[in-house]
Amino acid sequence: MSRLRQLSLFCVLLLTVIVSARSQTLRPVDAHALVAKIQSELAAPFPPSEGKPDPNVPHGDFLQGTISDSKIFPRTENKFQVYVPAQYDPAKPACLLVKLDGLGAFEGTVLDNLIANNEVPIIIAVGVASGTIWKDPEGTPKRQALRFNRSYEFDSVNDRFSEYVLNELLPAVQKLTTHDGRRITLSPNGNDHAATGGSTGGIGSFTLAWQRPDQFARIYSVIGTFVSMRGGHEYPALIRKTEPKPIRIFLEDGSTDAWNPLFGSWYDANLNMESALSFAGYDVAHAWGQHGHDGRPGQVILPDVLRWLWRDYPTPIQSGISQNSTLQEVTLPAEHWVRLSHTFRSPSGLAANSNGEVYVTDESEAAVYRIGVIGKRIAFSKRKLAISGAAFAPDGTLYVVVPGEKRVVALGADGQSTTVASGITGHSIVVTHNGTIYVTEPGAHRDMPSRVWEIKNRTQKIVDSGLFSASGVALSPDGSLLYVAEKSTKWIYSYVVEPGALKAKQRFYWLHTADIQNESGAQDLAVDMHGNLYVATRMGIQICDQNGRVRAILPLPTPSGPVRSFCFGGKEFDTLYVTDGKQVFMRRLKVRGHPQWASPIAVPSQGAG
């Protein structure tokens, strides 16, 4: 081989390496300068320069599809569009941008230009129209609709739309191939996923990330409807209370935006969102213009917003640090949820003994295990018991509720079991320092009033009734108050404990409720040394102050189910053990729990404020 040919080959290889390296590293972005530029662009003419086709730039491919067999939104027809950049290589899973309300030539041109200029990664964009249930078949003149699903799908603050996107839309997209035969392969990494939309699509894109932060990390909301349509007005409160999620958000709106004053001011709602996100430590920016409910200004700034969202990629977006005083009081910055490797079929009641050793009951196996001893069954009983709730006594006896047998049973370390109460189809149990036992009984069916039982010296009696789906039970650290949760409402009752009786009954603690279920799903209760009440709910662990208000929410890692049971454990009782009925998690906290069997302690009053 001649030296000239060797030199030519070397130059080609060098150029290939340079181009390859360039494709892996985006152009650097000054985030603050870019946000200032975005604000100044709002009044610029449409389209922006990046929205104009460039003959020197490779153009992506557009594909079309329809979903008409959804199980999540039955009988709806959702059309979708897919933009595939020219540079996309099926061997390398692409990043994703989901756009609510569909995708057009403008967004494709913007992505053509930004990708070619190495300002965003290789992104496949998916535009999805909201669903419609049609009365007439497609092609019918003046086709009539039976139901438009747009507000239901996009404005709702539940997980239905995220389930639809992840389990129905994206699988349908990945079955497609481009016109030149390339199959669609999307990255499974949430850090590679973004979402955007306008108006109802704006809040819908945010909800995708809020419900599934493991799958959507970058959000652009244009004139978002964070108003009282389907619960969006509650987002600012939830954002302030909930432990921050790894999401980067850009908000756009106009100062005269109030599409329908019946629902409130869009602009004020967006201001509240930005304030809450900043308070909670999110990487958030905004652009406020002088316009009404008009999506065009948001389109003008789309190129620069995409640059801002994807800056420093592929560095993962991290959760911020909230200014929430209760989160700061309770959590440790470096400590997060850890999923335990133990395998349980159906973990339910969690309880800790005086050594801080945590035990979990497995309903499916009717057995009791100790956390930390992998695969070893603790021989608390010589016969299988389908246990609902469990609680230790000061002497190490484990008291359990066996609802199928309508019994409360004491289990000794020798494996012997003794019935201490019968005729109780119980749910949860607590044992006090003096051996008094309280058990909640939900009732044989949802509408049957519940009862609260007291068991003392082998004598059982009803101390209250009339609750709906009574579930978790706990005492204040000083033992003067008893708390009982209602699973099917948003309330927790507070009672004053007097000898042999419960007095001053009051629906006192107010919880945040899940949207579709319209209930808190409260299952279990615990208290810490500061007098805070911890509640296992559908949203995670809601932490309430002494005055009955939710101050903080600790969600489990997504995807997880509702919190089913939890307890404080560990040598210092500063580790929270939690189960959603399938997995068990643990997390060390800054505060210590107060075991119910421990001697009462006085806690400082938080005051009436």
Side-chain angles (χ1 to χ4, degrees), residues 63-83 96-104 124-140 143-176 184 186 188 190 193-216 219 221-222 224-235 263 513-519 521 538-539 558-562:
L63 309 173
Q64 308 290 329
T66 302
I67 296 176
S68 56
D69 59 351
S70 172
K71 292 181 173 58
I72 297 171
F73 304 127
R75 284 195 62 186
T76 59
E77 177 185 281
N78 295 74
K79 294 186 179 297
F80 65 90
Q81 309 81 37
V82 182
Y83 160 85
L96 169 70
L97 172 65
V98 172
K99 183 177 181 295
L100 279 62
D101 280 327
L103 194 70
I124 288 178
V126 177
V128 58
S130 55
T132 303
I133 296 181
W134 294 101
K135 179 180 179 180
D136 307 312
E138 189 169 7
T140 302
R143 192 181 189 193
Q144 299 293 308
L146 290 173
R147 188 166 72 207
F148 292 108
N149 246 32
R150 184 170 183 264
S151 180
Y152 176 68
E153 292 175 12
F154 294 173
D155 280 313
S156 295
V157 294
N158 55 59
D159 61 358
R160 293 298 188 268
F161 185 65
S162 61
E163 288 184 6
Y164 174 80
V165 169
L166 295 173
N167 299 326
E168 295 186 346
L169 174 63
L170 297 185
V173 168
Q174 294 187 95
K175 291 179 181 178
L176 301 177
I184 305 299
L186 300 172
H193 298 173
T196 186
S199 188
T200 286
I203 187 175
S205 63
F206 177 79
T207 299
L208 279 176
W210 185 257
Q211 291 291 339
R212 292 301 300 270
D214 61 319
Q215 286 296 316
F216 290 94
I219 303 301
S221 169
V222 179
T225 58
F226 299 99
V227 291
S228 54
M229 283 187 173
R230 293 181 176 270
H233 63 290
E234 295 184 1
Y235 265 137
F263 300 113
T513 57
D515 183 50
I516 289 290
Q517 296 81 10
N518 195 30
E519 61 179 31
R538 293 185 180 277
M539 290 185 176
T558 51
S560 295

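- The distance from atom CD of Gln174 to atom CD1 of Ile184, rounded to the nearest 0.5 Å, is 8.5 Å.
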Point to revise | From CA spacing to verdict: salt bridge (charged side-chain N to carboxylate O under 4.0 Å, His left out), Arg538, Glu519 | key: CA-CA 8 Å; Arg538 293 185 180 277; Glu519 61 179 31; 2.9 Å; yes

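- No donor-acceptor distance shorter than 3.5 angstrom exists from the side chain of Gln215 to the backbone of His193, with no hydrogens or angles considered.
- Classified by interplanar angle (parallel below 30°, tilted 30° to 60°, perpendicular above 60°), the ring pair Tyr152/Phe73 is perpendicular.
- The distance from the CZ atom of Phe161 to the CG atom of Leu169 is 7.0 Å, given to the nearest 0.5 Å.
- Closest approach of Ile67 and Tyr164 over heavy atoms only: CD1-OH, 3.5 Å.
- In this structure, the side chain of Asn78 engages the main chain of Ala129 through a donor-acceptor pair within 3.5 Å.
- Not a single donor-acceptor pair under 3.5 Å links the side chain of Asn149 to the backbone N or O of Ser130.
- For the pair Thr140/Trp134, no side-chain contact is recorded, criterion being any heavy-atom separation below 4.5 Å from C-beta on.
- Summarising the geometry of Asp515 relative to Ser156, their closest heavy-atom pair is OD2-CB, 4.3 Å, with the distance given to 0.1 Å.
- Partners of Val222 according to the side chain to side chain contact (heavy atoms under 4.5 Å, CB included) rule, which considers only residues two or more places apart in sequence or in another chain, are Tyr220, Glu252.
- Screening residues 145-154 for salt bridge (charged side-chain N to carboxylate O under 4.0 Å, His left out) gives Asp101-Arg150 as the qualifying pairs, with residues at least two apart or on separate chains.
- Interatomic distance, Leu208 CG to Leu166 CG, rounded to the nearest 0.5 Å: 7.5 Å.
- Closest non-hydrogen pair, Pro213 versus Trp210, comes out as CD-O, 3.6 Å.
- With hydrogens and angles ignored, the 3.5 Å screen pairs no side-chain donor or acceptor of Thr76 with any backbone N or O of Thr132.
- Side chain of Ser70 to backbone of Ile72: a donor-acceptor contact under 3.5 angstrom is found.
- In this structure, the side chain of Gln211 engages the main chain of Val157 through a donor-acceptor pair within 3.5 Å.
- Between the side chain of Gln81 and the backbone N or O of Leu103, at least one donor-acceptor pair lies under 3.5 Å.
- If you take OG1 on Thr558 and CG on Asp214, they are separated by 3.5 Å, rounding to the nearest 0.5 Å.
- Side-chain contact between Leu96 and Val173 is absent, with no heavy atoms from C-beta onward closer than 4.5 Å.
- The side-chain heavy atoms of Phe226 and Ser221, taken from C-beta on, include a pair separated by under 4.5 Å.
- For residues 196-207, the side chain to side chain donor-acceptor pair (under 3.5 Å) pairs, not counting sequence neighbours, are Asp155-Thr200, Ser199-His293, Thr207-Tyr235.
- With contacts defined as side-chain heavy-atom distances shorter than 4.5 Å, the pair Glu138/Arg143 qualifies.
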